[in-house]
Amino acid sequence: MKQIISVRDLEELLRNGQDLSSLPGDALLTPSARDFLREHESAASQKSGSRSPEESSARPVTVTSKSSKSELEGFFNSAAIHDLKLQLCDVGRRLWQRAYVDGNGGNIAIRVGEDIALCTPTLVSKGFMKPEDMCLVDLEGNQLAGIKKRTSEILMHLQIMKRQPRAVATVHCHPPYATGFAVAGVQPPTCMIPEYEVFSSVAIAPYRTPGTPEMGKLVSDLVDKHNTILMANHGVVSWSHNNVEDAYFKMEILEAYCRTVLVASQLGKPVNTMTPEQLQDLLKIKQSLGIPDPRHGLKECELCDNDGWRPGVTCAVPGRNSEPVRDSAPAVDPQAEALVQTITDQIMNRE
Ligand SMILES: [Zn+2]
């Protein structure tokens, strides 16, 4: 999948001795990458005089919500945006195939400029979208281009992008296992699977009516330190600093994790968790990948002494409440068992 160009990509090109002016003309840069490129260009022009017209014309397309209608239309119909529209269709199809969306549920957005985003339409199954269904909006949710009406839940995506400048893409859906945790108001316990610890940073936002600014605010209040938000009694929304596929990966990781935790909690044995040292190793990897986590910088002993902000999780610390998952498994009711036995006996005796 083609990626939006980030600062990291530009730095990588420079490290490899490549010329940034040779970026493809239809490339899309994140806002911070654009700033980086601008600074790099002005530094380069101070060194060697101004750029030739040929070089200038090779610069990536940049439009804002204030651009003219025809500029916006041209941008919306450009090859680079078409590629992103295809990515939205692809991620939508994967969400539907994995049963993470139902009916017309779920929505996806990609930031494509300083104050504009591409997003999915309302009232269309995410499994069957076409590139021409997509919509261009400003960060207030006003539609700038596209035939179909933009998703009714776009405000939440845009509020995430406004609060978290690194967010280049957002995905919202209703995966059943993760949504089950969101309905129960249970934060998935930690320290069990490395993939989840490294790539996910999960918090729960309280319920509000979908699509309202209040819902968006409660979610966006959490995106500074979390990349995946369980929305109580609703679903999940994630953001990525890389691309839309990466935002989608957050869903796969969370859903697989919730499913695994649920299975492990039903096996009748205490769940084994990592030690604080093992978790610290994973957090180091997480930090190096630029993925936020409220536990970055905590001492090892604090990683596990976290009952206050993540109730029930103890991270292999002996003593108090060391079997959180087993504790949450349903206890066998002897009266109910006796009742089932009596009914079974009566049915058998009828034969
Ligand atoms: Zn929803």
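Only a predicted model underlies this, so the values are computations on that prediction, with no experimental measurement involved. As the structure lists them, so they are numbered: ligands from 1, and atoms in each ligand from 1.
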Cation over ring face, K85 and F76, 6.0 Å, 45°: yes
Cationic N near anionic O, under 4.0 Å, K250 to E255: no
Heteroatom of H172 nearest to the Zn ion (ligand 1) (N, O or S, atom name): NE2
Residues, nucleotides or ligands: over 12 heavy atoms within 6.0 Å of R163 CZ: yes
Under-4.0 Å salt bridge between E71 and K66: no
Angle subtended at the Zn ion (ligand 1) by H234 NE2 and H174 NE2, rounded to 10 degrees: 100°
Whether C173 has an N, O or S atom under 2.8 Å from the Zn ion (ligand 1): no
